[in-house]
Each structure stands twice: as C-alpha cells, then as structure tokens.
Novice: 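This is the structure, below, for whatever I ask next.
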Amino acid sequence: LGTFRHDWSDDEAEAFLLQYAGYTPFANASGFPAMSLPGQWNEQGLPIGCHFQAAMGREDLLLRLAAHIEQAHPWANTWPKMTQEAIADD
C-alpha cells in the first residue's frame, strides 16, 4: 500500500491514513492490536463489521473475544446471497 514516512506533516499523515485505511487509522497508526468481526448481516447477506481494539500486547484478549463471539454466532458457513448465487451458477 505504501510507506508511512515519519517526516510527513500531520496533514500529510492523516491524508495517507484516510486514503488507505479510512475506518481504522487510529489502530493502524498506533500499532495497538485490533480486529474486525462480522456482527450482523444485512438483507443481502453482507456482513456488518464490528471493530475491536485492545491494549498493546493484548492480542490474546481479541482472540478470546473472537472465539466467544464465533461460538455464540458461528459465521464460518455464512455467505452473502450474491456469493451463494454465483456458486450455484457454476
């Protein structure tokens, strides 16, 4: 995607982050662990994501949270309608 340069002005850095990671610049720029999981699905079967962030070095909390959420609401075999239709056409 590019290189984050430390000699950029604040405005240049913000523009770069928003261009490549519009919804996650704080997590991406800070280096804090973060993840996005499907929370719900819309009428077309597309996932609506939820973003979670943890303290530095606490990836374990995110992995445990993901495991609990997936156990409560499995998504491994959840496919958008458009994907189901495309698979059926093959």
Novice: Given side-chain contact (heavy atoms from CB on, under 4.5 Å), test L61 with F52 step by step and report yes or no.
Specialist: CA-CA 10 Å; L61 293 177; F52 300 93; over 6 Å; no
Novice: Please go through L63's hydrophobic cluster and name the other residues, only I, L, V, M, F, W, Y counting, with side-chain heavy atoms under 4.5 Å joining them.
Specialist: none
Novice: Check side chain to side chain contact (heavy atoms under 4.5 Å, CB included) between N77 and all other residues, then give those that pass, not counting sequence neighbours.
Specialist: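 Listed in chain order: nothing, the list is empty.
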Novice: List in chain and number order the residues that pass side-chain hydrogen bond (donor to acceptor under 3.5 Å, both in side chains) with E12, two or more places apart in sequence or in another chain; answer none if no residue qualifies.
Specialist: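 Listed in chain order: S9.
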Novice: Nearest 0.5 Å please: distance from the CZ atom of F32 over to the CG atom of L62.
Specialist: 12.0 Å
Novice: Salt bridge (charged side-chain N to carboxylate O under 4.0 Å, His left out) with D60: which residues, sequence neighbours excluded?
Specialist: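 D60: salt bridge (charged side-chain N to carboxylate O under 4.0 Å, His left out) contacts with R58, R64.
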Novice: Tabulate below the donor-acceptor pairs under 3.5 Å that side-chain atoms of residues 33-47 make, not counting sequence neighbours, or state none.
Specialist:
{"residue": "N42", "atom": "OD1", "partner": "Q44", "partner atom": "N", "Å": "2.9"}
{"residue": "N42", "atom": "OD1", "partner": "G45", "partner atom": "N", "Å": "3.1"}
{"residue": "N42", "atom": "OD1", "partner": "L46", "partner atom": "N", "Å": "2.9"}
{"residue": "N42", "atom": "ND2", "partner": "Q44", "partner atom": "OE1", "Å": "3.4"}

Novice: Can you list the residues that meet the side chain to side chain contact (heavy atoms under 4.5 Å, CB included) rule with W79, with sequence neighbours excluded?
Specialist: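 Checked W79 against side chain to side chain contact (heavy atoms under 4.5 Å, CB included); matches are T83, Q84.
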